[in-house]
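Before any comments, here is the structure.
Note: hydrogens, waters and symmetry copies are ignored here, and every other heavy atom, side chains too, is used.
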Protein chains: 2
Amino acid sequence: MPTIKDVAKKAGVAVSTASYALSGKGKVSASTLERVRKAAVELNYQKNGFASDLKSTRTNTIALILSDLSGPYYSELIKGVQDVTSSNGYGLIACSSIGGKESTANKFLREKRVDGAIVLAHNIDDDLLNLSANQNFPIVVLDRNLANDHIIHVEVNNEDGARKATEHLIERGHNSIAFVAGPNDSHDSNLRFNGYINALEKNNLTYYSRFKVTGDFTRDGGYRATRMLIAQQTLPEAIFYANDEMAIGGLQALKEKAIKVPEDISIIGYDDIQLAEYAFPSLTTIRQPKYEIGALSAHMILQILSGEEVEKEYMLETELILRESVK
Amino acid sequence: MPTIKDVAKKAGVAVSTASYALSGKGKVSASTLERVRKAAVELNYQKNGFASDLKSTRTNTIALILSDLSGPYYSELIKGVQDVTSSNGYGLIACSSIGGKESTANKFLREKRVDGAIVLAHNIDDDLLNLSANQNFPIVVLDRNLANDHIIHVEVNNEDGARKATEHLIERGHNSIAFVAGPNDSHDSNLRFNGYINALEKNNLTYYSRFKVTGDFTRDGGYRATRMLIAQQTLPEAIFYANDEMAIGGLQALKEKAIKVPEDISIIGYDDIQLAEYAFPSLTTIRQPKYEIGALSAHMILQILSGEEVEKEYMLETELILRESVK
DNA sequence: CTGTTAGCGCTTTCAT
DNA sequence: ATGAAAGCGCTAACAG
């Protein structure tokens, strides 16, 4: 691999001159500029990004850290982030937190390979975020609450969203409502559970712990959770799934047992992923403003990076989307 | 930001010793190791990734470059790549090629910020790939053919897939078949068009150029293309969309004009994205082995990186998925 | 306008 | 086992 030194030698100039010429920071005569450029092309010179970052300490790139790059939920979120970063001349890389301590996500966070990060990955632990965040390295977290001056929270009102979902079910006349939770360590899922409980209490409905089953936010988890519900002697009148993916898995389980939705049982999801609209029956759900979350998060990071003072807490609201899965 | 120098000073050792201690490469007594570790924690020391990469010239990370991080097609592909990389101790970052020359994708490719790359992004140009690929920087391309010793091609048999789709339509008795193409510069779309033409010819059907309209691989593009088809006096008996997203947009346009699928017109897509199964009517389509593409690509990169000699060309086959959108 | 030079923070010989 | 020191490739301050 040729270095800038080789280019300089070939062009018959000093490295600094070559550097100036290549970076286009003026201070070079047209003729040397030409010579240097020519030499660079001939040698197929490509600058070493690490070396230049090491000097500049700015990467102009932010990272979006997700627990799983391939989830359907993320599509719109990414779009929001991407639109904002790219229109501000920033680069974006997405990385997954799969792989624990060794994951790329961990590495990027620890070693500051980017200028800032947006994190939506329950398997990244709080300590790491607390250690990594600082004046020059802003972090936006989307799925937890951390007491740290350099961490911005962009939250969606989970409790209220879950309350809306549950109350909608109650309004439609359902008295026994099951809740299919996400992973136990998911902050979001726990808040949604709280909202569910609140709505129950407010309406004087008793909560039966056998009506709470745990999925893991995947379609398969929703399928299994629903099978468990079906296996119990009394089927609830409605099921509230803590996310749409699980609801879609549930739809499948219900269909297999010939339990009709919404005739025999009503179901409601959470998120409003693209598929929700196409599921059969289409899924009544709680929409999260995913694009806005992404765009706002990116915007905040860039604000901080450009030295602005910003609010540390943002709360976005949800919306009930009526479709066909609730009677 | 504290550096390793600070840690060394605090621990009362030389930088080299600190480096050894921190990287766990032996050669340090238990007591100094302890001292150094303690100092590092107290200072909240985090190593500078760029500096260490600059020395080591290995990042243990590969990049997946996509034209748009948020497309539904990519989900499974990413999963395939991710499974292989993470189980081999490699990191993965995904980046988008949006933003042209300034995009993160370009930068990573040019400046070798990763050890290798998998590219599925029609807006990255051939020249850049040719310049970047070399002995130590393997590239797998998924959407084009480049004559370059250091570029691996993983292809899906587009022509054959399109032929299958078209012939299926013909077998089901359709004689006038429209084709909704992707962007004109898409290699994949052009090959699919060839397959379509071949099938027509083989079955002695004439090709009408008014039955070829161009979308841009998006739902909206498919919607508009379909409107154009509808606007013409004679509707074809069937439409072959060069990808599922456009077909889903088409479904919408057809529904708005009360044209029933498949009673009034048959449609077939390409890709078999998740949504295809959930569309109404569910979409008959050509499945691309997306997960396998991803896994194979990642595998090849890692092979090369570990010094193996490998084949440069791979061709994967498609499969016709029968659903409800063809009469 | 061009060249010399001092680092950026780290790893890694090579002595001790 | 530990330390001194040489660079990785680049940028930028400074001198000319």
* Asked: Of all the choices, D/dT11, C/dG9, C/dT12, which nucleotide is nearest to the side chain of B/L54 once you look at every atom?
  -> C/dG9
* To do: Name the closest nucleotide to the B/T3 side chain, picking from C/dG3, C/dC10, D/dC10.
  => C/dC10
* When the distance from CG of A/D53 to C1' of C/dC10 is rounded to whole Å, what number comes out? -> 15 Å
* Asked: When the distance from CZ of A/R110 to C1' of C/dC10 is rounded to whole Å, what number comes out?
  -> 16 Å
* Structure fact -> Closest of D/dG9, D/dC8, C/dT2 to the A/S29 side chain is C/dT2
* To do: Grab the CG-C1' distance between A/L33 and C/dT2 for me, whole Å please.
  => 13 Å
* To do: Sort out for me which residue in B/I124, B/T104, B/V114 forms a side-chain contact (heavy atoms from CB on, under 4.5 Å) with B/L109.
  => B/I124
* Asked: Which whole-number value in Å describes the distance from B/M1 CE to C/dC10 P?
  -> 10 Å
* Structure fact -> Contacts of A/K10 meeting salt bridge (charged side-chain N to carboxylate O under 4.0 Å, His left out) (sequence neighbours excluded), chain-then-number -> A/E42
* To do: Kindly point out which of C/dT5, C/dG9, C/dT2 is positioned nearest to the side chain of A/V28?
  => C/dT2
* To do: Mind calculating the distance between CZ (B/R113) and P (D/dC8) to the nearest angstrom?
  => 19 Å
* Can you tell me if A/D216 and A/T218 form a side-chain donor-acceptor pair at under 3.5 Å? -> yes
* Rounded off to whole Å, could you give me the OH-to-C1' distance for the A/Y20 and D/dA15 pair? => 12 Å
* For A/N48 and C/dC8, what is the distance between atoms CG and P respectively, to the nearest whole Å? -> 18 Å
* Asked: Does the base of D/dA4 carry an N or O that pairs as donor and acceptor with the side chain of B/S16 under 3.5 Å?
  -> yes
* Asked: Phosphate oxygens OP1/OP2 of C/dG3: is one of them under 4.0 Å from a side-chain N or O of A/T17?
  -> yes
* Asked: With a 4.0 Å cut-off on heavy atoms, is B/T32 in touch with a base, just the backbone sugar-phosphate, or nothing at all?
  -> sugar-phosphate
* Carefully, step by step, assess A/T59 and A/D53 under the rule side-chain hydrogen bond (donor to acceptor under 3.5 Å, both in side chains). => CA-CA 6 Å; A/T59 64; A/D53 283 343; over 6 Å; no
* To do: Measure from the side chain of A/V13, starting at C-beta and using heavy atoms only, and say which of D/dT11, C/dG3, C/dT12 lies closest.
  => C/dG3
* Asked: Is it the case that B/Y74 and B/S67 place a side-chain donor and acceptor less than 3.5 Å from each other?
  -> yes
* Give the rounded distance in Å between these two atoms: CD1 of B/I4 and C1' of D/dA5. => 15 Å
* Of B/K5 and A/V15, whose nearest nucleotide on DNA chain C comes first from the 5' end? -> A/V15
* Structure fact -> Ranking B/K55 and B/G12 by the position along DNA chain D of their nearest nucleotide, the one closer to 5' is B/G12
